[in-house]
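Heads up, the thing below is written out as structure tokens.
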Amino acid sequence: MKYDFTAIENKWQSKWLQQQPYGAVTGDSTREKFMGLIEFPYPSGQGLHVGHARPFTAMDIICRKKRMEGYNVLFPIGFDAFGLPTENYAIKNHIHPAIVTRDNIANFTKQLHMLGYSFDWDRVVDTTDPGYYKWTQWIFLQLFKKGLAYKASMPVNWCTSCKCVLANEEVVEGVCERCGSDVVRKEKSQWMLKITEYADRLIDDLDDLDYIERVKIQQRNWIGRSEGTEVDFTATNGDKMTVYTTRCDTLFGVTYMVLSPEHPYLKQWKDIIENWDEAEAYIKEAARKSDLERTELNKEKSGVRLQGIEAVHPVSGKKLPIFISDYVLMGYGTGIVMGVPGHDQRDWDFATAFGLPIIEVVSGGDITKEAFVLKDDTGIMVNSDFLNGMTVKDAIPAMKNWVTEKGIGRPKTNFKLRDWVFSRQRYWGEPIPLVWCDKCGWVPLDEKELPLLLPEVDSYEVTDDGESPLSKMTDWVNTTCPHCGGPAKRETDTMPQWAGSCWYFLRYMDPHNDQALASKEAIDYWGPVDWYNGGMEHTTLHLLYSRFWHKFLYDIGVVPTKEPYAKRTSHGMILGEGGEKMSKSRGNVVNPNDIVDQYGADTMRLYIMFVGDFEKAAIWSTEAVKGSKRFLDRIWNFVENATDSDEITPANESILHKTIKKVTQDIETLKFNTAIAAMMALVNEFGSNGASRGDLKILMRLLSPFAPHIAEECWEILGGEGQVSQQSWPQYDESKTVDAEVQIAIQVNGKLRSTATVPAGSPDDVLAEAAKADEKIKKYLESGTLVKTIVVKGKLVNLIIK
RNA sequence: GCCGGUGUGGCGGAAUUGGCAGACGCAAGGGACUUAAAAUCCCUCGAUGGCAACAUCGUACCGGUUCGAGACCGGUCACCGGCACCA
């Protein structure tokens, strides 16, 4: 009989649908718990693609193995369903986004069943379900009550096409991450979350986490902690001009000061600044430029020197010219920079462009050619008063202490991380549960009022002035103040797509709870997530945001752990046949449905894991899928013709133990490709030795996490008890993984000249003798003198002959 | 520019972390079975030379350490990802 994958897969999938065998049991103290997490998908209209199948299959394999090892496994799935594509589709087709979402989720669910994933289907979450976003809103209210959510008017990233603000993390190379349109700075009043308050903890707590190193590095770089010094300069009108510097040792090298064009001093100084027209024109020009233009022009330094005001050096008392220039960012440090052209290349470029003096305060470079920027802190201070003769390394703390004692400065830590712009001018997101009252200011809704439901609107389109579609719903907007009962207006912006995913793993632990986001017992039992695998692209977005929210929930006593995820790994992308990213426009997208139709889900699963190193990008090849199918065909054939014995075939014993060992270890280290290769090698060996039912039953247990349907079917054919997925994970006996005889390499002067077979565990001198006795080696021995013999146990003998 | 990562047959990729380079698979070639094809099974498959046993070369490039280097060290190049005027 042929391997009829369609019939087999349908049979087992409908059985699983009925039995729901993968339910997790909260509170089971008889077994160790394991929570394996994948990033829940955004249910797009295109459905599941092979890019999902890779991480999903991987975690499914891990969880299936953990179950067989006796763990109480929670492997949940859900849908991160708020977001722009759904809203845009809804606008275009005049369908409510909730209906679009429902249909897409139904399609995804079907596809996930089709691939045989062992999710706990009783715990599905949907971020757009009011029963879910009630708690997203609840967490937001707690953030608000603790002062971590605030509304501020500031220059924000504005996508010209989405007509919506973007978080810093959503701007990639000056354009919108989602649509690729230009991003400009726009002054807008926005809800912000104080993630910066957690910056230190977000960095420091990484040390104890089992995250792959590149994730930690990327988060550290993104948060960008820098230790430096603030120094107070003064303006001639008496205003304090505080700067931030990491090189306070160069204080005597300052020849000018620069303000960011957005600096509030500029408006204050309007009447003092004699060339205000010129300054104002520059400020306006800077505001008009998109981020892209601003960085593209970074070779040519531009700026305006302010007339009528100067700065005073805090030590020398010298007058210094003040400039405005867009190379100084308002969002970092103090928005004012001390210009040290001798030792900072940007300052050097600026000073050169404006003909400003360049003073050398660290010797060792040629400051007439370029700034001398130290990398190893070993330069010697010159022209620097009491610092002269010191190394830079010593001068930095010396100056830091000195300015602190004099009261003109202080140590300061800065971060690149900015607060999180949290509001979006969009319909399809969680409503922000706050109202504005002219008397009371921003007032939170009573928690009993949650969820604050999204109202029905006539149009989902943003207004041209960039207001949320909700702003037009006057019935909804106009409300009463929960505090004073007077007239009030609701916030009409919604939360960003990232909100719902910040805490979804907690909801999985207790998804039907209507009293709390999850019960304490459930959180205590399941948390933290034992293993979270996801894409690198979320490292400085979702992963960082959810660590932030979790730390906040820890602070208010909702969760017992500081960190949400104990372990984080990451998979590589699946590229199209030509080695390029899969995309609709390139037409190289592979639809898993087609592969399943043609070869079956088990082949699909096997291939996506066999395609290459899980952590690296891999190129899809529909041609190569056949190899995985052939492997399953061969297994099917062996099962149908199994030798009539439940014993292990002696000739297969050693390779069986080796394969168990290899597969067991490789799953833990994400080496699925070599685990499958090992099983293929085993089946090749069956080709020479034949395979008994006993041999094949072991293979089925190893195979079942990878290819669960065929493994169940074969288990049944082989007369196994129950289902193979309910069996224990096979154990290997180390002593049986060793062959009786091993082949060793014989080298002469480091070059392979022969091989020999010796009994396993032979002592060194036996190996040496075997090597010397080898027929092929004799001529080398005769050609010179043996001066040294190197023996590596069980591996090789190297004869040094001169 | 800065921070990561990668570079191995025609292709995807292995290599116990310093010990037989190319496991496993795809493609290709040859053979068996078949009226034929597909499927399946068997063999070959880094390069060069040789009838052959075998020899020489070979893991991006140059150099080094070592009895021995794909792996370690120094330098160079290429590609991929992230950040990018962060003072």
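Within every chain, numbering begins at 1; the chains are lettered A, B, ... in the order of the sequence lines, protein sequences first and strands thereafter. Note: hydrogens, waters and symmetry copies are ignored here, and every other heavy atom, side chains too, is used.
- No side-chain heavy atom of V738(A) sits less than 4.5 Å from a side-chain heavy atom of H657(A).
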>> Evaluate I223(A) against N221(A) for side chain to side chain contact (heavy atoms under 4.5 Å, CB included), listing each step before the verdict.
In response: CA-CA 6 Å; I223(A) 297 167; N221(A) 289 347; over 6 Å; no
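- Nearest nucleotide to the T755(A) side chain, out of rG12(B), rC20(B), rA87(B): rC20(B).
- Side-chain proximity of T246(A) to the nucleotides rC24(B), rG19(B), rA87(B) is greatest for rA87(B).
- S621(A) comes within 4.0 angstrom of no nucleic acid atom, judged by non-hydrogen atoms across all strands.
- When distances run from any side-chain atom of V611(A) to the nucleotides rG12(B), rG25(B), rA23(B), the shortest one goes to rG12(B).
- Within the 4.0 Å cut-off from OP1 or OP2 of rA23(B), not a single side-chain nitrogen or oxygen of T674(A) is found.
- Using a 4.0 Å heavy-atom distance criterion, T539(A) is classed as making no nucleic acid contact.
- The P atoms of rA27(B) and rU6(B) are separated by 29 Å, rounded to the nearest whole Å.
- Taking the centre and axis of the six-membered ring of Y327(A), the NZ or CZ atom of K301(A) falls inside the cone set by 45° and 6.0 Å.
- The phosphate of rA55(B) (OP1 or OP2) has a side-chain N or O of Y780(A) nearer than 4.0 angstrom.
- Comparing rC85(B), rC3(B), rG82(B) by their nearest atom to the side chain of K301(A) picks out rC85(B).
- The gap from the P atom of rA71(B) to that of rG18(B) amounts to 11 Å, rounded to the nearest Å.
- Contact annotation: R634(A) side-chain N/O to rC41(B) OP1/OP2 distance is under 4.0 Å.
- Contact annotation for I800(A): backbone-only contact, meaning every heavy-atom pair under 4.0 Å involves sugar-phosphate atoms and none involves a base.
- Note: F354(A) and Y256(A) fail the aromatic proximity criterion, with ring centroids not under 6.0 Å apart.
- With hydrogens and angles left out, the side chain of K795(A) and the base of rC20(B) share no donor-acceptor pair within 3.5 Å.
- Distances from the side chain of L796(A) to the nucleotides rA87(B), rG19(B), rG82(B) place rG19(B) closest.
- Although no hydrogens or angles enter the test, the distance criterion places a donor-acceptor pair under 3.5 Å between the side chain of S570(A) and the main chain of M536(A).
- Residue A681(A) has its side chain nearest to rC24(B) when only rC83(B), rC20(B), rC24(B) are considered.
- Proximity of the aromatic rings of F5(A) and Y599(A) is defined here by a centroid distance below 6.0 angstrom, and this criterion is not met.
- Between R753(A) and rA55(B) there is a side-chain N or O to OP1 or OP2 distance below 4.0 Å.
- Side-chain atoms of Q747(A) and base atoms of rG19(B) include a donor and an acceptor less than 3.5 Å apart.
- Between the side chain of T57(A) and the backbone N or O of R54(A) there is no donor-acceptor pair closer than 3.5 Å.
- Separation of the C1' atoms belonging to rG4(B) and rC42(B) is 48 Å when rounded to the nearest angstrom.
- The separation of rU76(B) from rA69(B), taken at their P atoms, amounts to 24 Å, rounded to a whole angstrom.
- For the pair R220(A) and rG82(B), the criterion of a side-chain N or O lying under 4.0 Å from OP1 or OP2 is not met.
- Annotation: side chain of K216(A) is not in contact with side chain of Q218(A) (no heavy-atom distance under 4.5 Å).
- No side-chain heavy atom of Q747(A) sits less than 4.5 Å from a side-chain heavy atom of L799(A).
- Residue L329(A) has its side chain nearest to rA87(B) when only rA23(B), rA87(B), rG82(B) are considered.
- Within the structure, every side-chain polar atom (N or O) of K616(A) is placed at least 4.0 Å from both OP1 and OP2 of rG13(B).
- Of the C1' atoms belonging to rU8(B) and rA14(B), the separation is 10 Å, rounded to the nearest Å.
- The minimum heavy-atom distance between T250(A) and M338(A), with the atom names listed, is OG1-CE, 3.8 Å.
- Only the C1' atoms considered, rG7(B) is 26 Å distant from rU56(B), to the nearest whole Å.
- Taking 4.0 angstrom as the limit, N673(A) places none of its side-chain polar atoms (N or O) nearer than this to OP1 or OP2 of rG12(B).
- A sub-4.0 Å separation between OP1 or OP2 of rA87(B) and a side-chain N or O of Y327(A) is absent.
- Taking atom P in both rC45(B) and rG63(B), the straight-line distance is 32 Å, to the nearest Å.
- Phosphate proximity of rC57(B) to K751(A): present, with a side-chain N or O under 4.0 Å from OP1 or OP2.
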> How does RNA chain B look in dot-bracket notation if pairs are Watson-Crick or G-U with both distances under 3.5 Å, crossing ones as [ ], other-strand ones as |?
Replying inline: (((((((..(((......[....))).(((((.......))))).((((....))))..(((((..]....))))))))))))....
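- Separation of the P atoms belonging to rU16(B) and rG1(B) is 35 Å when rounded to the nearest angstrom.
- Backbone-only contact: K776(A) has heavy atoms under 4.0 Å from sugar-phosphate atoms and none from a base.
- The phosphate of rU66(B) has neither OP1 nor OP2 within less than 4.0 Å of any side-chain N or O from N798(A).
- A close approach under 4.0 Å does not occur between any side-chain nitrogen or oxygen of R214(A) and OP1 or OP2 of rG82(B).
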